[in-house]
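Have a look at the structure below before the remarks.
As the structure is a computational prediction, the values presented were derived from the model and not from experiment. Along the sequence shown, the residues carry numbers beginning at 1.
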Amino acid sequence: MRHNDDSDVKIFTKSQSDDLFAADDFVSLAEQLDLQRASGNMAKAKKLGEQLAVLTPENEPVKSIMEGKALTPEILYQIRVLMFFAMQTATHMYLHLPMLYSAAVNCMYDKLISDSPEFYEDISDAAEFTFYYLAIRKDTDVEQHIGNAFAMLCLKEGDEQLISLGIKIFKGVTNKVIEKIESLSFENN
């Protein structure tokens, strides 16, 4: 039986410096949270989430985008899914701190759970967001890829009218989120 020489094996343990970094990070995060609360930004983020949760295809800007077209319940469902995806991603992109966009998105989904638990269950278990995330990860023409994914999810892959509708909804909802963020006048601190 051969014995291995393990004298060169190093065992790393948690050092005191790791504890200090973790404590410093925690203190910094707590200070940032206090600052965001004191400035009113946390309350504004929660208000943003609640305002976004009530947007439906019957509200602006989507109502105008649909131009009074009679759409199937399946397409209306996909429109609402795309709206929530656009609201979530735009909130992440345009609020300047993770704690703010997390608060906004969490409030948005909390309100959705209380107002429409069936829809929340559908989108939390569904794969639609995955297709939209893949579209966002592409390097070129994200909006076109979003439109393509929307048409595919409506089971009409390549349908130019649905691709265009998906692009318009994504742009319109993103712009609505930006408008709401600007109207809430978040403090830059």
Are the side chains of [X] and [Y] in touch, meaning some heavy atoms are under 4.5 Å apart?
X	Y	answer
Ile75	Leu162	yes
Ile79	Met66	yes
Met93	Tyr101	no
Phe129	Phe84	yes
Thr140	His145	yes
Ile65	Leu165	yes
Leu52	Lys180	yes
Ile146	Ile136	yes

Does a sphere of radius 6.0 Å around CD in Gln161 hold more than 12 heavy atoms from other residues, nucleotides or ligands, not counting ones at 6.0 Å or beyond?
no
If you count every heavy atom of other residues, nucleotides or ligands that lies below 6.0 Å from Tyr120 atom OH, does the total exceed 12?
no
For [X] and [Y], indicate whether the former's side chain and the latter's backbone hold a donor-acceptor pair under 3.5 Å.
X	Y	answer
Asn106	Ala103	no
Ser124	Glu121	yes
Asp159	Ala151	no
Ser102	Met99	no
Ser116	Leu112	no
His92	Val105	no

What residues, two or more places apart in sequence or in another chain, satisfy ring-ring contact (aromatic ring centres under 6.0 Å, His included) together with [X]?
X	answer
Phe186	none
Tyr94	none
Tyr132	Phe85
Phe131	none

Given Lys176 and Glu179, is the salt bridge (charged side-chain N to carboxylate O under 4.0 Å, His left out) satisfied, shown in steps?
CA-CA 5 Å; Lys176 186 71 168 180; Glu179 175 187 306; 3.6 Å; yes
Judged by modelled atom types alone, do Gln144 and Asn148 share a side-chain donor-acceptor pair under 3.5 Å?
yes
Path from Tyr133 to Met87 over hydrophobic side-chain contacts below 4.5 Å:
yes
Salt bridge (Lys or Arg N to Asp or Glu O under 4.0 Å) pairs, two or more places apart, involving residues 36-59:
Asp34-Arg37
Fellow cluster residues of Ile167, listed by chain then number, with links counted only when side-chain atoms sit under 4.5 Å apart:
Ile163
Would a line drawn from the ring center of Phe119 to the ring center of Tyr77 be shorter than 6.0 Å?
yes
